[in-house]
2 protein chains.
Amino acid sequence: MTPSPDSTTGLKRAQILQGALEIFLRQGYEGTSMDRVAAAAGVSKITIYKHFEDKEGLFTALIEQVTAQRFNQVFGTISLDDHPDQVLRQIAQKFLALLAVDDEYVAFLRLIIGESGRFPALAQLFIRSLPQKVWRSLGHYFDSHPDLAIAHPDAVARIFTGTLLSYAMTQRIMHGQHIAPMDPDLLIDCLIGLILAPQPTPPENL
Amino acid sequence: MTPSPDSTTGLKRAQILQGALEIFLRQGYEGTSMDRVAAAAGVSKITIYKHFEDKEGLFTALIEQVTAQRFNQVFGTISLDDHPDQVLRQIAQKFLALLAVDDEYVAFLRLIIGESGRFPALAQLFIRSLPQKVWRSLGHYFDSHPDLAIAHPDAVARIFTGTLLSYAMTQRIMHGQHIAPMDPDLLIDCLIGLILAPQPTPPENL
DNA sequence: TCGCAACTATACTATACCGTATAGTAATAT
DNA sequence: ATATTACTATACGGTATAGTATAGTTGCGA
């Protein structure tokens with residue numbers, strides 16, 4: 001009998017994933033060698049192959065784990081009960097604040113986007129795990145607040161999250177913050193202002 | 001004397017870049033071998049090293065070329081003289097239409113984002129070559145149309161382009177279009193509606 | 001004490017890589 | 001004719017890769 005099939009074994013597994021995270025985030029998928037992962041994890045290489053099918057399996061498991069665990073950090077602590085202005089502001093500030101600080105998350109986004117051609121399922125997993133949840137939550141929130149007079153909640157949710165994601169994209173992921181700076185608070189103010197302002201002429205009339 | 005130092009030599013160079021494009025876009029930077037590039041370009045490997053310093057130099061030259069040439073395709077044919085609604089709509093439709101069709105451009109975005117950690121200068125080159133130009137053009141356009149009553153042209157330009165870029169990001173680059181579809185025309189309508197609607201309470205008052 | 005499961009360390013196979021070297025070809029210039 | 005330029009084809013050196021094999025170690029239960 002294994003000493004503790006879900007704790008000792010689980011520990012090695014977690015240890016491997018931790019080492020793999022370091023290397024994959026810094027070197028990318030093709031740039032990562034299993035020897036380096038083994039060294040970073042403090043584990044014999046063959047142990048990795050005991051726990052994971054192959055390099056692709058390790059990568060998949062890693063992304064699945066990180067994807068699942070990161071959601072709460074961004075969106076788990078938002079209360080949808082406050083004033084709309086406050087709700088939107090909280091989400092926006094939390095997301096941008098996280099990205100301003102968390103280099104690991106930035107590297108993670110680079111990795112999953114860069115490999116989305118060869119690992120489409122992982123990219124879709126990410127979409128379902130983060131942006132889609134935000135789209136849905138915001139959509140329902142707008143739906144349940146008819147006083148906001150938002151004609152197309154889904155589209156507005158995309159505009160809101162899209163602005164934030166692209167800010168992260170250009171400023172942090174692609175190193176634009178030094179060559180084209182932009183005050184995040186001003187952006188948030190403007191974005192919320194556009195969304196919550198009364199819309200006298202609905203988009204259908206354009 | 002070289003037969004035609006800027007045409008014959010230039011042809012080989014272009015031929016190499018064309019082959020490199022194919023392979024780099026499909027295999028990524030680390031996944032690309034110079035032998036494959038040589039084969040795809042129909043060129044001897046050593047000829048590549050006659051024209052380019054090394055793998056990194058070839059990659060850099062490739063990204064610089066594509067970055068420069070793609071801008072016009074998206075933004076070169078826009079006239080800033082029409083009605084604001086038409087101007088914004090043209091830009092948005094052109095960008096989304098291009099992305100809907102051009103798999104090569106999607107792969108290019110994946111590549112430059114994925115390698116932005118190891119090639120920060122290339123990412124910044126891209127920022128300067130496309131989004132920053134759009135931000136500036138839109139900013140000036142808004143500035144020169146005070147009747148639009150846009151309090152913060154820079155921020156609104158970011159919201160506009162950010163929405164479009166993120167749409168490309170989630171729908172095409174990360175394969176979200178099948179699991180979370182969104183009508184691009186509705187998104188464009190909504191986005192332009194928000195921006196061009198009168199803003200009774202400027203963002204400063206929030 | 002024995003058996004067993006998980007692990008380590010090292011070496012291996014077979015392949016692939018980058019960048020260079022070598023030898024040779026086609027075309028032009030003098 | 002000879003030199004030069006741009007190229008091709010092939011092979012090589014040294015390194016690195018994914019994944020496996022082998023031999024040995026540690027710890028635990030019966």
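These figures come from a predicted structure and were not determined experimentally. Throughout, protein chains are lettered first and strands after them, A, B, ... in sequence-line order, and every chain is numbered starting at 1.
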When we call it a touch if two heavy atoms are under 4.0 Å apart, what does Lys45(B) touch: a base, just sugar-phosphate, or nothing? base

Give the nucleotide from the list dA11(D), dG19(D), dC7(C) with an atom nearest to the side chain of Thr47(A). dC7(C)

Phosphate contact (dC7(C) OP1 or OP2) by His51(A) side-chain N/O below 4.0 Å: yes

Should Leu194(A) and Ile159(A) count as side-chain neighbours, where that means a heavy-atom distance under 4.5 Å? no

Without swapping roles, check the side chain of Glu115(A) against the backbone of Leu122(A) for a donor-acceptor pair under 3.5 Å. no

Minimum-distance nucleotide to Ile46(B) side chain [options: dA21(C), dG19(D), dT22(D)]: dA21(C)

From dG19(C), dT8(D), dG19(D), pick the nucleotide closest to the side chain of Asp54(B)? dG19(C)

May I ask you to evaluate whether Ser33(B) reaches the phosphate of dC17(C), defined as a side-chain N or O under 4.0 Å from OP1 or OP2? yes

Can a side chain N or O of Lys12(A) be found less than 4.0 Å away from OP1 or OP2 on dT8(C)? yes

Out of dT22(C), dA18(D), dC17(C), which has the shortest distance to the side chain of Met34(A)? dA18(D)

Is Glu56(B) paired with Arg118(B) through a side-chain N to carboxylate O contact shorter than 4.0 Å? no

Geometric class of the Tyr29(B)/Phe119(B) ring pair [parallel <30°, tilted 30-60°, perpendicular >60°]: perpendicular

